[in-house]
Undergrad: 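For reference, the structure I am asking about is given below.
Within every chain, numbering begins at 1; the chains are lettered A, B, ... in the order of the sequence lines, protein sequences first and strands thereafter.
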There are 2 protein chains.
Amino acid sequence: MPIKSADQVMHKAAWLYYMHGLRQDEVARQLDISRASVALYLRRARESGIVNISTSTSLFTHENLARELEDALGVVSVWIVPEDRLALDPAAEMPVLAAAVFLDLINKGDRIGIAWGKTVYHIADVMPFADLNGITVVQLCGNLGSPYSYRPDQCTTEIARRLNAEGINLYAPLVLSSERLAAELRAEPVIREQLASIPECNFALYSVGGIEEDSHLVKCGALTPAEMAALGRQGAAGVIAGQVIDADGQLMDCAHNRRCISADLDSIRAIPKRMMVVQEDNKYQPLVAAIKGQFASHLIVTSSMGKRLMERFSK
Amino acid sequence: MPIKSADQVMHKAAWLYYMHGLRQDEVARQLDISRASVALYLRRARESGIVNISTSTSLFTHENLARELEDALGVVSVWIVPEDRLALDPAAEMPVLAAAVFLDLINKGDRIGIAWGKTVYHIADVMPFADLNGITVVQLCGNLGSPYSYRPDQCTTEIARRLNAEGINLYAPLVLSSERLAAELRAEPVIREQLASIPECNFALYSVGGIEEDSHLVKCGALTPAEMAALGRQGAAGVIAGQVIDADGQLMDCAHNRRCISADLDSIRAIPKRMMVVQEDNKYQPLVAAIKGQFASHLIVTSSMGKRLMERFSK
DNA sequence: ACGAGTATTTGACTTTTGTCAGCGGCCTCG
DNA sequence: CGAGGCCGCTGACAAAAGTCAAATACTCGT
């Protein structure tokens, strides 16, 4: 007599309900439990990723603008979040779309790099549960406390949890108080190995940070408003995985970058699928820099941002 | 003002309901239609494959027997349909499992060969709808009227319809009354090209036929009971895509095979993923022949059949 | 332009599903 | 050994989803 574990009952209930199309009361009779329990098991099955429900994202790629941007920017694929009045608020829509596209693009066995920011955290927050095998999720940049609770390690951990994947955190601060200490820490075997393994990723998920004086990096205390303003005057245009880039998407030669523990920008550029998600309209300049720097192969933006990019890059 | 096509409304309703988790009445309010319409659109979205609901099939591979069979038979993967009293009737379970595994194994752009039989038709019958892109479904064997309505072209057409794939039928009878006519028909350009394209398939779905005097091939009138009995005495062991094979899984040298219009057995063997689904317990001998003939890389059987195979192949 | 025929939409009703307080078993610790 | 706490299951009720006949909006041919 095989002992039926709770997991097996859950799995079987999900199978009968979703695959055979039985009603909950029929499943209950079949498994000899109450219907209420069936409802409970079904919820757990969805939350554990045993059951997957997905919807085609073609709604967001079937716009002409998406096609035009793919050609003009030379990226693989673009998704456009519309802003007409029949649509939801883009702030709510974009993370959901990003999560759906993300799940669509990843495969068993992938190694996925996750960077840092409000956008990434929101994506993690709405990420459906899935039961992928052999996925590894690695953290692309060091840690930083945050006034919101969007710490880099949390993003990585949460996404790994939802995918039933292995999560690898980077146990180092994002930014150190001296260049010397940062260099020494980077040279530590445990950190060095982890940074060295980043080129093995085949997928990256991130946004691009702004360089205003109230940008995320400033709010989190990595830079003072004055330092950020100075960087801006020196030509800073955006932030990728905690590192400041110039208008051409190249790493700035500055003290902050030297004090930073994060994925090497060339390593990031070498990742085959680089999914960039940009929510805020004021990220235009940073996004232009990121695109020039080849940081996006898959891009998710609002229609208004898409139009501005089109004007900028179509000539 | 963009004109909202019915398809777009359906797609958007599905998006809001399944991805954002809104209730039907909230979706209705958002899209300014009645809740009943939302329910209708959601059904259509599921039936058109815009929404995908799938359940992990690991329940059926987590048996020890499956592992052992994979080793003993040298096949890639085995799924076992249990027959304990908590389980559904295998006759109902197997097609559902086969359809789920099938959907799991195929990818965008695949070319899929479909053979013929009651089993395959039942699988087609419960196949979920999906919105795969660039899939082609080709018919592996000629047509034959049937006392049940399991004609080969129907299997192909139905599966293609459900996957939103292109279906390519073989417009020839499975069996002709003379060898000469069969040879001439095979030489016809339209038929020849189609048969020649079968090695381009990367996936095959079929079962194996029996050689009893009431087997499918006899019931459909392709062979008389006497002819089948004679073939049995000559060493026939099973039927693959309408063609009779011997106990080693090799093509029999017989009149029936020469009168047959179907995929070349070597072409079938060359297909990378060959998914064989066997429902009936009396298919033991034919299945052994099919396995010896390398016709299965992915196998779905009942636990009792699995045990018999294990006894046969473990030594 | 008109009307027959077809497809879409809806309100009202029925069925199915989600929820949660409370019951009961079981394990732990005093 | 018994009390306390935890976990899982269930019955009963509330909420949500499915269904269908009837109404309305389209389409196409004449």
Undergrad: For the pair made of CD1 in B:I33 and P in D:dT24, what is the distance, rounded to whole Å?
TA: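 Interatomic distance, CD1 of B:I33 to P of D:dT24: 19 Å.
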
Undergrad: Give every donor-acceptor pair under 3.5 Å between a side-chain atom in residues 95-111 of chain B and any protein atom, sequence neighbours left out.
TA:
residue	atom	partner	partner atom	Å
B:D110	OD1	B:N202	ND2	3.0
B:D110	OD2	B:N107	N	2.9
B:R111	NH2	B:S197	OG	3.1

Undergrad: Hey, does the side chain of A:S34 come within less than 4.0 Å of D:dC9's phosphate (OP1/OP2), counting only N and O?
TA: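 For D:dC9, neither OP1 nor OP2 has a side-chain N or O of A:S34 closer than 4.0 Å.
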
Undergrad: With sequence neighbours left out, write down each residue that passes side-chain contact (heavy atoms from CB on, under 4.5 Å) with B:S48, or none if nothing qualifies.
TA: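 For B:S48, the residues satisfying side-chain contact (heavy atoms from CB on, under 4.5 Å) (neighbours in sequence not counted) are B:M10, B:I50.
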
Undergrad: Rounded to the nearest angstrom, tell me the gap between atom CZ in B:R44 and atom P in D:dT19.
TA: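 Interatomic distance, CZ of B:R44 to P of D:dT19: 13 Å.
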
Undergrad: Listing time: all N or O pairs from protein to nucleotides 16-19 of chain C that are below 3.5 Å?
TA:
residue	atom	partner	partner atom	Å
C:dT16	OP1	A:R23	NE	3.1
C:dT16	OP1	A:R23	NH1	3.0
C:dT17	OP1	A:Y17	OH	2.9
C:dT17	OP2	A:Q24	N	2.9
C:dG18	OP2	A:Q24	NE2	2.5
C:dG18	N7	A:R35	NH2	3.3
C:dG18	O6	A:R35	NH2	2.6
C:dT19	OP2	A:R43	NH1	2.9

Undergrad: Could you tell me how far apart B:R29 (CZ) and D:dA16 (C1') are, to the nearest whole angstrom?
TA: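 Answer to the nearest Å: 13 Å.
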
Undergrad: With sequence neighbours left out, what residues match A:D71 under side-chain contact (heavy atoms from CB on, under 4.5 Å)?
TA: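 Listed in chain order: nothing, the list is empty.
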
Undergrad: For B:V81 and B:F60, work out which heavy atoms get closest and say how close.
TA: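 Shortest heavy-atom separation between B:V81 and B:F60 comes out as CA-CD2, 4.4 Å.
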
Undergrad: Given atom CG of B:L16 and atom P of D:dA17, what is their separation to the nearest angstrom?
TA: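 Value for this atom pair: 13 Å.
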
Undergrad: In whole Å, what is the span from the OH atom of B:Y41 to the C1' atom of D:dT19?
TA: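 Answer to the nearest Å: 17 Å.
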
Undergrad: Can you list everything that forms a salt bridge (charged side-chain N to carboxylate O under 4.0 Å, His left out) with A:R35? Sequence neighbours excluded, please.
TA: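 For A:R35, no residue satisfies salt bridge (charged side-chain N to carboxylate O under 4.0 Å, His left out) once neighbours in sequence are set aside.
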
Undergrad: Who are the side-chain contact (heavy atoms from CB on, under 4.5 Å) partners of B:E280, not counting sequence neighbours?
TA: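 In terms of side-chain contact (heavy atoms from CB on, under 4.5 Å), with neighbours along the sequence ignored, B:E280 is linked to B:K118, B:T119, B:N282, B:K283.
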
Undergrad: Could you tell me how far apart B:L31 (CG) and C:dT8 (P) are, to the nearest whole angstrom?
TA: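 Value for this atom pair: 17 Å.
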
Undergrad: Restricting to salt bridge (charged side-chain N to carboxylate O under 4.0 Å, His left out), what partner residues turn up for A:E70, sequence neighbours left out?
TA: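 Scan of A:E70 (salt bridge (charged side-chain N to carboxylate O under 4.0 Å, His left out), adjacent residues dropped) gives A:R67.
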
Undergrad: Using five base pairs at each end to define the local axes, how bent is the helix from C:dA1-D:dT30 to C:dG30-D:dC1, to the nearest 10°?
TA: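 It comes to 30° between the two terminal axes.
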
Undergrad: With a cut-off of 3.5 Å and sequence neighbours excluded, list every side-chain donor-acceptor pair involving residues 298-305 of chain A.
TA:
residue	atom	partner	partner atom	Å
A:T302	OG1	A:S304	OG	3.3
A:T302	OG1	A:M305	N	3.2
A:S303	OG	A:E83	OE1	2.9
A:S304	OG	A:E83	OE1	3.2
A:S304	OG	A:E83	OE2	3.3
A:S304	OG	A:D281	OD1	3.2

